[in-house]
Structure formats: structure tokens, C-alpha cells
Amino acid sequence: MLIREAQRGNRAAFEELVRHYDHAVLRLALHLTGTEHDAQDVYQDAFLKAYKNIGNFRFECSFYTWIYRIVTNLCLDHLRKRNVRKEDAPVAKDSDGGEYDLLDQVPDARAGANPERDLMRRQLGARISGALEKLTPRERMVFELKHYHGLKLRTVGEILHTTEETAKNTLFRATQKLRGALADMR
Amino acid sequence: MKCEWVRENIVLQVYGELADDARHELEQHVVRCADCAAELKAEQEFHALLESDRATSPLMQGPSPNLLAASRMRLQEGLETVKQGSFFSRLAFDPTTWLRQMRFSPALASVILVLGFAGGVGATYKIYAHSPQQPGTPTPAAFNDASVTGIESVTQAPGTNQVTIKYNTTATQEAQGSLNDQRIQQLLLYAARNNYNSGVRMDSVGLMTQNPSDTHFRDALMYALQYDTNPGVRFKALDALGPYVKDDTRVRDSLLQALVNDTNPGVRTEALRMLEPVKADGSVRGVLMTLSAKDSSQYIKSQARTLLAQLPEID
């Protein structure tokens, strides 16, 4: 079993474990941080932390839940720090410290095909990003795990060390806020 | 049933999180209540809006294969420097923590300084006292590739593993030895990375392919595969790395990089063929999906589709 091998210090087993989960981890980090640079930092910190602490994993929950707990905690820290730092969305900072508009964060892969539709798509993407930014870190996390990762609310509760009922309430609040913020887009 | 309960649970209905009996009740209620039906419709429209963004926004579609590969490589480097914590290590007495807790940091720094100084003096004495002297022949440690200005040629004696390398310092010099000779290995690595003559790089990479289990050689082969400007050299390196694609994840990532980024169709096709045994790997699958959707080469596109079709579906 890979987990037991990794706990015995087998690095190859740990790397194999990483490969089972790292795409989802990087995707979550990329959504929540919004930049590749920050997403890579979260990815790195999460798996190094997992490697250091895998001896403490006691099979009381699934490994999936355990690794997601580590990642979500790191992402929550990131979101909280960013909420303290930022003054007004949708301006963010890139890896060199330069500011850029989140509109530019949505790459235009189909530029030229239909400029009007591209513009609308970019506007929609930017509005959704802006609305997500206004959620509290915890609301954002629950919404992310439920909507974009399709996790069951019971699992979301386990990951965030809370009950399924609380996760439900948080999801309700998050969707209400998002609907309010995007009301004119429909 | 109260409308308030329905409105709080509509979001769970949309996400399929409602228990069967509650779902049934909710469905019955919205048939009778126009306000709640409108609320359900609004929630569904909101979801459709988010889905339309998810379908078209690259950020929402997840990390690119390149980002994933780069993150993995960085993690592997990071893992080199960390140690796993164990149960016993947590119980063990750690004097540094104790000193830190006791606010003895200045004292700790002094102790480390004194011990380090004493250790350094002792080690120097030991090295000078016991190092073997071989007058007349330069020791491998004395070889310094910073003094090498270029490699003239690399040749192997037929039927043996004896290699002759002509290299320049201030004047051309020559080194002879087996492939296991440390100095020969250093010169080969130097030739593979630094020489402007692609023929020399081809020869040195060719020799390294005889012993790709050597980690330095394997690193150099991965470097050649990614950065060498000559497709022949890249192709040679690729062939030598093939057997390690299953066990060495760094090799796998290098092949993925070559498959995605190499400018030579032959190298890309060969990389794709070599990745076939590990096609179920998450990152390989991700790259195959990207290639099958939008690669400029029809052949690569169709091959990627064929490989994907052989894989079981995952959730």
C-alpha cells in the first residue's frame, strides 16, 4: 500500500501518491489564488507538509480528505492574507509585484474568432472572479469544493473540520451572495 | 411546507445534495407555489451562467500540463531537502528547541560557532594527515572543469569501454580512461552541455546512453532532451531515457516536456510512443487530452486519441 510505504520513508511511493492527487490540488490552488505563481507555492508547501507529516496520518479519514485538509488550510491562509492586503478588487499583484487587472487574467484563447463574444466572455469571467473575491475565505472554499470540485457536502465538512449542516449553510450564503452580485448578468 | 424551508434548500436540490424524501417534497411544492418555482428557476439560471464561464475560461479548466510538470519538478527538488518527521523524533530531546525556548539563542549561536571552528580545524588536520599522495598523476579532485575551454573530440576505442577525449585549456589536452573514470565522466558531462560543436555533443550523449543508470548521466540526458538545439542529439537522449520512464518520474516529466514543446515532429512522435506504457498516469493523461483536442499535428492528435481510448474512464 502506497501510504504505508510512504510512511516508511519510501520517497518513490510518496511521489506516486502525489501523482494521484496533485492535478486536483493544483487546480484548487490555481482557482483560489488566481495566479500560477501562488498556485505553485501552495502546491509546493502542501506536499512538503504532507511529506513531513505523513507519519502522523492514522487512517482515521481517507488520505484524500487528509491531503485536502492541508491544501485548504494553506489556501485559506492565502485568502485571508490577501483579503487583509487588498484594497479594492479586481486589481491583483503578479509575481514581480506589478499590478494588473483581473480582466487580463482570463486568457483569450479564441481571440479573433468572434470579438464580441470574446469580450462578453471576458467580462463574465471577470465579474465572476470579482464576485468570488467578495466572499469570505470560508464561503469561497465551500463554494469552490462543492461547485468546481463536485465534492459532497459531507466531505467538505470533514475537510474543513465542521459539520455537514454548517457546510450547507455556508454554501447557501455563498450562492446567495454570488447571485446578488451577478444578478444583472443573467 | 414553508416557502422559507424550500428557498433554503433549493441550492441543495440544484447540487443534488437533498435526501430523496426532501427532494420529492420540494418538487411537489414548486408545482403549487409560483414564487418558489421562480426561485428554483433563478437558481438554475445562475448555475447555467457559472457553467458557461467554466466551459470557456481556461483558468477554470485547470492547470496546464506545463504548469503541472514544472510544479512536480520543483517539488522533487524540495523533497531533497526535507526529512520526514517520525513519532520517535517528536519524543526525542531536542537541545536546540530547548535552548530556543529558554531564550538562550545567543548562547546557542556561540556554541555552534565554537563547535564549527573546532570541527573545521580537526577535519583539515585529518585530511592532510591521511590523504594518499600519488605524485605524477593528477587526482580526480584536482580536475577542474572551469579550466576547460572546449572539447575537441570524443572517441571510443572499438570493442572496449576506453574513451579518448581531446579538450582545450590554454592548449589542447587529451584524457584517456574508461567510462567509469570520474575525470572522463566529468568531461563527457561538460561536452554534453557546453560544446558548440553538435557532433561532439552527439558523441558524448551517445556514450552516456551506454550507462544511463548513472544519475549524473541521466540528468545530462534529460538536459540534452530539453535544451539541445540539435534534434539528432535530442533523439539520442530520448532513446536512452526510454527504459526509465516507468520508474523515474523526472524522466517522465522530461518526455512530457519534449512531447508538448519539441519543435521536431520525429522527437515528439518518439516521445509519445515511449510514454505509452505510462499513459494511465495523471499528467500523461492530461497531456494526451490536450494534444487530442488541439495539437497542430494530425498524427499526434490521432495517436493521442487512440491512447486515450484505451484508458478506462475516470471520474
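Predicted model, so just to flag it, every value in this text is computed and none were measured. Below, read A as the first sequence line, B as the second, and so on, with proteins coming before strands; counting in each chain starts at 1.
The most heavy-atom pairs under 4.5 Å with chain B, out of A:Arg11, A:Glu164, A:His23, come from A:Arg11. Contact count versus chain A (heavy atoms, under 4.5 Å) is highest, among B:Leu50, B:Val11, B:Asn9, for B:Leu50. Per-residue counts of heavy-atom pairs under 4.5 Å with chain A were compared for B:Arg72, B:Glu51, B:Glu8, B:Gln76; the largest is that of B:Arg72.
Using cut-offs of 30° and 60° for the angle between ring planes, the A:Trp66 and A:Phe57 rings count as tilted. A perpendicular orientation is assigned to the rings of B:His47 and B:Tyr15, their planes being inclined by more than 60° (bins at 30° and 60°). Using cut-offs of 30° and 60° on the angle between ring planes, the pair A:His31 and A:Tyr148 is perpendicular.
The closest donor-acceptor contact from the side chain of B:Arg285 to the backbone of B:Lys279 lies at 3.5 Å or more, if one exists at all. Between the A:Asn53 side chain and the A:Lys49 main chain, a donor and an acceptor come within less than 3.5 Å of each other.
For chain A, the nearby parts of B:Leu68 are the backbone and the side chain; heavy atoms of each come within less than 4.5 Å. Looking at A:Gln7, only its backbone comes within 4.5 Å of chain B, counting heavy atoms on both sides. Heavy atoms closer than 4.5 Å to chain A are found nowhere in B:Arg250, neither backbone nor side chain. For a residue to count as touching a neighbouring chain, one of its non-hydrogen atoms must lie under 4.5 Å from one of that chain's; by this rule A:Leu178 touches chain B with backbone and side chain alike. The contact between A:His147 and chain B is made by backbone and side chain atoms together, counting heavy-atom distances below 4.5 Å. Neither the backbone nor the side chain of B:Ala48 comes within contact range of chain A, judged by heavy atoms closer than 4.5 Å. Interface remark: B:Arg7 contributes backbone atoms only to the contact with chain A (heavy atom separation under 4.5 Å). For chain B, the nearby parts of A:Gln44 are the backbone and the side chain; heavy atoms of each come within less than 4.5 Å. Neither the backbone nor the side chain of A:Asp45 comes within contact range of chain B, judged by heavy atoms closer than 4.5 Å. Both the backbone and the side chain of B:Glu80 come within less than 4.5 Å of a heavy atom of chain A.
In summary, B:Asp247 and B:Arg218 do not engage in a salt bridge, as defined by a charged side-chain N under 4.0 Å from a carboxylate O.
Side chains of A:Arg69 and A:Cys61 form a contact here, defined as non-hydrogen atoms less than 4.5 Å apart.
A distance below 6.0 Å separates the ring centres of A:Tyr21 and A:Phe63.
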Go through it in stages, so that I can follow the logic: the residues are A:Lys168 and B:Glu17, the test is salt bridge (Lys or Arg N to Asp or Glu O under 4.0 Å), and I'd like the CA-CA distance, side-chain angles, deciding distance and then a yes or no. CA-CA 9 Å; A:Lys168 280 180 184 172; B:Glu17 285 274 355; over 6 Å; no

